[in-house]
Amino acid sequence: VQGYVYSKPISCDDFCQRLEAGKWIIDPSGPAKHRSERRTMYRKADVILGNYCHPVLIRNLSESGALIEGLIDLPLGTQIIVDFGECELAVATVRRTSKKQHGIQFGQALVSDGIGGLCTSHRVSPYLLSKAGLSTSDQTGKAREWDSTNAFTIEKLAESLGLKMPARLLGRPDTQFARARGEHDQGGDTATPFQSLSLLNPGNSTERYFAPEEMERLKKAVETSHNPSLKHIIALVVLTGERLQDLLTSRWDDIDLETGQLTIPASESGTPRKVYLSAAAIAVIDQLPRWDDCPYAIANPRTRKPYHSFFGSWDAARKKAGLANISIHDLRNSFARTW
């Protein structure tokens with residue numbers, strides 16, 4: 001075996017003698033395991049993505065990363081900021097994804113909190129959090145809109161909050177370009193450079209916009225999907241630009257087709273938000289099936305409840321359209337464009 005995995009090189013004669021004797025034992029040396037100890041948990045947290053704080057659940061946690069649940073379809077290499085509450089925030093990168101679960105790697109390792117748990121190496125000043133309009137400890141685990149006028153990139157946001165960014169993550173090739181070359185690194189150093197991904201500004205120059213022919217291919221792909229609801233879901237994401245979770249949990253009582261308005265239930269501010277629907281969006285809503293025992297506008301036909309996941313059908317459709325690397329978050333940026 002090449003390398004020192006089992007032992008240093010030995011002569012051919014010595015090798016043959018040991019095999020013939022049948023008693024060749026190589027004692028293991030080195031660490032028993034190479035990854036950090038993982039703690040299983042069920043802990044609420046937030047992920048800052050776009051101009052929203054998305055509630056997530058942390059299913060396991062280690063010094064180097066975590067398994068989070070609650071987000072939908074984040075591409076590998078996506079940079080996020082995890083808000084643990086109590087002024088603890090950490091920059092992280094999505095390394096693995098499976099439906100609504102994502103394996104993330106922290107930019108800076110967590111440290112022991114002295115009582116058997118883990119925490120960030122420092123806490124962000126409450127003043128800086130308040131100035132940025134971000135969460136406080138009593139908001140953790142609750143969906144809310146972030147300041148939509150903020151033009152920070154993730155790099156500048158991290159800098160403004162005093163979050164340390166590892167130098168190895170800077171100056172790397174852009175993830176979209178790397179994916180085009182087939183460089184899917186799920187555990188190494190390759191990552192989207194912070195400066196190439198604006199996380200908090202929906203109107204910046206790094207967004208993924210779609211050419212009309214791309215949107216047409218995607219439209220045909222979702223319309224021929226085995227999931228009859230997919231074409232409605234994707235169409236409404238594009239035509240409204242709203243968060244997927246808000247659309248999936250919308251009720252018929254929230255929709256007023258006469259005035260062309262969708263009401264998003266009260267957020268942390270306590271004020272419901274009105275979304276004005278275009279004629280195209282209303283036409284899609286008119287096509288949605290209705291059931292007497294189901295209050296939801298978009299529901300799984302089998303359960304009559306909001307979809308827990310439709311990743312399989314979405315993944316098949318985007319690949320069929322030749323757009324394997326796009327996410328549903330990318331589609332929100334194309335809102336009000338051709339569909």
Side-chain angles (χ1 to χ4, degrees), residues 42 44 50 52-57 69-74 98-101 141-145 215 218-318 320-321 327-332 334-339:
Y42 194 82
K44 290 183 178 180
Y52 273 83
C53 290
H54 300 263
V56 297
L57 289 173
E69 183 178 281
L71 298 174
I72 297 178
D73 187 31
L74 289 187
S98 175
K99 297 183 179 180
K100 296 181 73 173
Q101 290 190 333
K142 300 178 182 179
R144 59 200 179 279
E145 187 171 12
M215 295 300 282
L218 183 61
K219 183 178 180 180
K220 290 181 179 179
V222 297
E223 287 178 346
T224 57
S225 171
H226 71 275
N227 182 346
S229 301
L230 185 64
K231 59 184 178 183
H232 301 138
I233 296 172
I234 300 304
L236 289 174
V237 169
V238 174
L239 294 170
T240 66
E242 290 301 307
R243 293 174 62 235
L244 179 62
Q245 194 60 32
D246 287 339
L247 292 175
L248 293 180
T249 55
S250 294
R251 297 171 178 259
W252 287 112
D253 291 343
D254 300 327
I255 301 173
D256 188 339
L257 294 180
E258 291 186 4
T259 61
Q261 291 184 345
L262 166 65
T263 301
I264 303 298
S267 60
E268 289 299 307
S269 64
T271 304
R273 184 163 54 87
K274 299 288 187 180
V275 177
Y276 290 93
L277 302 171
S278 65
I282 292 175
V284 174
I285 293 174
D286 281 335
Q287 299 173 22
L288 295 173
R290 298 195 186 201
W291 298 279
D292 292 337
D293 59 343
C294 177
Y296 299 101
I298 303 175
N300 188 322
R302 292 179 297 175
T303 64
R304 303 290 202 269
K305 295 180 180 180
Y307 278 91
H308 176 69
S309 174
F310 54 89
F311 180 81
S313 57
W314 160 243
D315 190 44
R318 64 181 177 178
K320 184 177 180 179
S327 71
I328 290 179
H329 292 282
D330 292 327
L331 296 179
R332 292 181 61 201
S334 297
F335 130 75
R337 291 172 180 262
T338 305
W339 186 259

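Asp315 pairs by the salt bridge (charged side-chain N to carboxylate O under 4.0 Å, His left out) definition with Arg318, Lys319, not counting sequence neighbours. For Glu223, the salt bridge (charged side-chain N to carboxylate O under 4.0 Å, His left out) test picks out no residue, with sequence neighbours left out. With sequence neighbours left out, the side-chain hydrogen bond (donor to acceptor under 3.5 Å, both in side chains) criterion links Gln245 to no other residue. Partners of Tyr42 according to the side-chain hydrogen bond (donor to acceptor under 3.5 Å, both in side chains) rule, which considers only residues two or more places apart in sequence or in another chain, do not exist here. Under the side-chain hydrogen bond (donor to acceptor under 3.5 Å, both in side chains) criterion, Thr224 pairs with Lys320, not counting sequence neighbours. With sequence neighbours excluded, the residues satisfying salt bridge (charged side-chain N to carboxylate O under 4.0 Å, His left out) with Asp246 are Arg243, Arg273. In this structure, Lys220 has no side-chain hydrogen bond (donor to acceptor under 3.5 Å, both in side chains) partners at least two apart in sequence or on a different chain.
Distance check: Lys44 NZ to Leu57 CG gives 8.0 Å after rounding to the nearest 0.5 Å. Atoms CD and CD, on Glu69 and Gln101 in that order, are 4.5 Å from each other to the nearest 0.5 Å. Between the CD1 atom in Ile233 and the CH2 atom in Trp314 there is a gap of 11.0 Å [rounded to 0.5 Å]. Taking NZ of Lys274 as the start and CD1 of Ile264 as the end, the distance is 10.0 Å to the nearest 0.5 Å. Atom OG of residue Ser229 and atom CZ of residue Phe310 lie 9.5 Å apart, to the nearest 0.5 angstrom. For the atom pair CD1 (Ile328) and CD1 (Ile234), the distance works out to 4.5 Å, reported to the nearest 0.5 Å.
The minimum heavy-atom distance between Ser313 and Leu230, with the atom names listed, is O-CD2, 3.6 Å. Between Trp252 and Cys294 the shortest heavy-atom distance is CD1-O, 4.1 Å.
Taking the side chain as every heavy atom from C-beta outward, Lys231 and Ser225 never approach each other to under 4.5 Å.
Judged as a side-chain hydrogen bond (donor to acceptor under 3.5 Å, both in side chains), the pairs with a partner in residues 296-306 (not counting sequence neighbours) are, in order, Arg251-Tyr296.
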List the atom pairs, donor and acceptor, that lie under 3.5 Å between side-chain atoms in residues 278-288 and the rest of the protein, sequence neighbours left out.
from: Ser278; atom 1: OG; to: Ala281; atom 2: N; distance (Å): 3.2

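Within a 6.0 Å sphere centred on CG of Asp292, other residues, nucleotides and ligands contribute 12 heavy atoms or fewer.
Evaluated for a side-chain contact (heavy atoms from CB on, under 4.5 Å) with Leu262, the options Asp256, Leu236, Leu247, Leu257 yield exactly one hit, Leu247.
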